[in-house]
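One structure is given here, and the rest of the page talks about it.
Along the sequence shown, residues carry numbers from 1. None of these values were measured; they are calculated from a predicted model.
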Amino acid sequence: MRNRKTWLYIKAALILLFTVVIFMMPTEDTFRKWLRFGMLTLFVFSFIIDLTRYKKNNG
């Protein structure tokens, strides 16, 4: 994407939305719990990487 700041806002909103969905609709299936946790971890990790790259280039 051309505008990285907008993309960071979109990623942050998606992480928050995903977190809310996890807490509002809990599951009893262990596999789904770990899958959701893994996806959330991956999103947060990629957000942190993108944020540090953005700060490095614009800092």
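Residues Leu8 and Phe18 are members of one and the same hydrophobic cluster, defined by side-chain heavy-atom contacts under 4.5 angstrom among Ile, Leu, Val, Met, Phe, Trp and Tyr. Under the 4.5 Å side-chain heavy-atom criterion for ILVMFWY residues, a single connected hydrophobic cluster contains both Ile48 and Leu51. Under the 4.5 Å side-chain heavy-atom criterion for grouping Ile, Leu, Val, Met, Phe, Trp and Tyr, Trp7 is connected to Leu14 within one hydrophobic cluster. Linking Ile, Leu, Val, Met, Phe, Trp and Tyr whenever their side-chain heavy atoms come within less than 4.5 Å leaves Tyr9 and Tyr54 in two separate clusters. Put simply, Val21 and Phe31 are part of two different groups of oily side chains (I, L, V, M, F, W, Y) that touch within less than 4.5 Å, one to the next.
When all heavy atoms of Arg36 and Met25 are compared, the pair lying nearest together is NH1-O, 2.7 Å. Contact detail for Thr52 and Ile49: the closest heavy-atom pair is OG1-O, 2.8 Å. Nearest heavy atom pair, residue Phe37 against residue Thr41, reads O-OG1, 2.7 Å. The shortest non-hydrogen separation linking Phe43 to Ile15 is O-CD1, 3.6 Å.
Residue Arg4 holds its CZ atom at 6.5 Å from CG of Asn57, rounded to the nearest 0.5 Å.
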